[in-house]
S.K.: 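First, the structure itself, so that you have it in front of you.
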Amino acid sequence: WHQVTIGHGFVQAIGIGRHTVFQPEQAVGVVVNFIFGRSCQAHQQRIEILEDVDDASLAWLYQNCLFSVYPSWYEGWGLPIAESVRYGKMCITSATSSMQEIAGNLLEYADPSNPESFLEKIQFFVENRKELALREKNIQENYRPVTWEESFVQLWPSLLEAVSND
């Protein structure tokens, strides 16, 4: 994190979500190890895990972040990605499963098997705020969330087919 933030002021990473396997302090270590390949106390001081964030606080975090990062191998949908672009924020995410369906070329993709690829993209956007602003403008102009009705219309034929095959 030190290398990423040199000359760019205070940049803090915030992880949001409920812990499952890890306690928050353990999760910070996992994040640091994922990004940097080793444990480092200096990096851990700039990473915070927040749990049970209410909707208003979550909205504030999205509205005030530089961008979001969502490394994942597999998602049924990837709600944090959709939330990020809904707030006009660029998201660095994995080029796997359904992530590419959420906002297509409006997202920045990295390889979840290569944490360095995420670190490089994080560093690029921390250092290139004009490029980040262009990406946000593109999201604000071109992102169109899928409505529940549109989702239903897409799903209905598959449901009918599944029922008729039984």
S.K.: For the residue pair Arg135 and Phe125, establish whether any side-chain heavy-atom pair is separated by less than 4.5 Å.
M.R.: yes

S.K.: When rounded to the nearest 0.5 angstrom, what distance separates OG1 in Thr93 from CD1 in Ile102?
M.R.: 7.0 Å

S.K.: For the pair Asn128 (side chain) and Lys130 (backbone), establish whether a donor and an acceptor sit closer than 3.5 Å, ignoring hydrogens and angles.
M.R.: no

S.K.: Within the 4.5 Å heavy-atom criterion, are Met90 and Val85 side-chain neighbours or not?
M.R.: no

S.K.: Under 4.0 Å between a side-chain nitrogen and a carboxylate oxygen: does that hold for Lys89 and Glu83?
M.R.: no

S.K.: Just wondering, do Lys121 and Tyr109 contact through their side chains at under 4.5 Å, heavy atoms?
M.R.: no

S.K.: Hey, quick one: are Leu132 and Leu134 part of the same hydrophobic cluster, counting side-chain heavy atoms closer than 4.5 Å, chains of contacts allowed?
M.R.: no

S.K.: Less than 4.5 Å apart, side chain to side chain, heavy atoms only: is that true for Pro80 and Tyr62?
M.R.: yes

S.K.: So, taking the atom named CD in Gln63 and the one named CG in Leu58, what distance separates them when rounded to the nearest 0.5 Å?
M.R.: 9.5 Å

S.K.: Counting distance only, does the side-chain N/O of Ser117 pair as donor-acceptor with the main-chain N or O of Asp111 below 3.5 Å?
M.R.: yes

S.K.: Do Leu107 and Gln100 come close enough that some side-chain heavy atom pair is under 4.5 Å?
M.R.: no

S.K.: Could you give me the CA-CA distance, side-chain angles and deciding distance for Gln140 and Glu136, then say whether side chain to side chain donor-acceptor pair (under 3.5 Å) is met?
M.R.: CA-CA 6 Å; Gln140 292 164 0; Glu136 287 180 349; 5.0 Å; no

S.K.: For the side chain of Thr147 and the backbone of Glu150, is there at least one donor-acceptor N/O pair under 3.5 Å apart?
M.R.: yes

S.K.: Given side chains that start at C-beta, do those of Pro112 and Thr96 come closer than 4.5 Å, heavy atoms only?
M.R.: yes

S.K.: Test your reading of the model: is there a side-chain donor-acceptor pair from Tyr70 to the backbone of Ser84, 3.5 Å cut-off?
M.R.: no

S.K.: When hydrophobic residues are tied together by side-chain contacts of less than 4.5 Å, even through go-betweens, does Trp148 share a cluster with Leu159?
M.R.: no

S.K.: More than 12 foreign heavy atoms under 6.0 Å from CG of Asn64: is that the case here?
M.R.: yes

S.K.: Mind running side chain to side chain contact (heavy atoms under 4.5 Å, CB included) on Met99 and Ser72 for me, showing each step along the way?
M.R.: CA-CA 9 Å; Met99 271 72 88; Ser72 180; 4.0 Å; yes

S.K.: Which value, rounded to the nearest 0.5 Å, describes the distance between Glu141 atom CD and Leu106 atom CG?
M.R.: 10.5 Å

S.K.: As an exercise, state the distance from CD1 of Ile139 to CG of Asn105, rounded to the nearest 0.5 Å.
M.R.: 10.0 Å

S.K.: About how many Å separate OH of Tyr87 and SG of Cys65, when rounded to the nearest 0.5 Å?
M.R.: 11.0 Å

S.K.: Should we count CD of Glu149 as having more than 12 external heavy atoms under 6.0 Å?
M.R.: no

S.K.: Are Leu160 and Val163 in one and the same hydrophobic cluster, where Ile, Leu, Val, Met, Phe, Trp and Tyr link if side-chain heavy atoms are under 4.5 Å apart?
M.R.: no

S.K.: Going through the distances and angles, do Glu108 and Phe67 end up as a side chain to side chain contact (heavy atoms under 4.5 Å, CB included)?
M.R.: CA-CA 10 Å; Glu108 186 69 27; Phe67 51 86; over 6 Å; no

S.K.: Determine, using the 4.5 Å side-chain heavy-atom cutoff (strictly less than), whether Val146 and Tyr143 are members of one ILVMFWY cluster.
M.R.: no

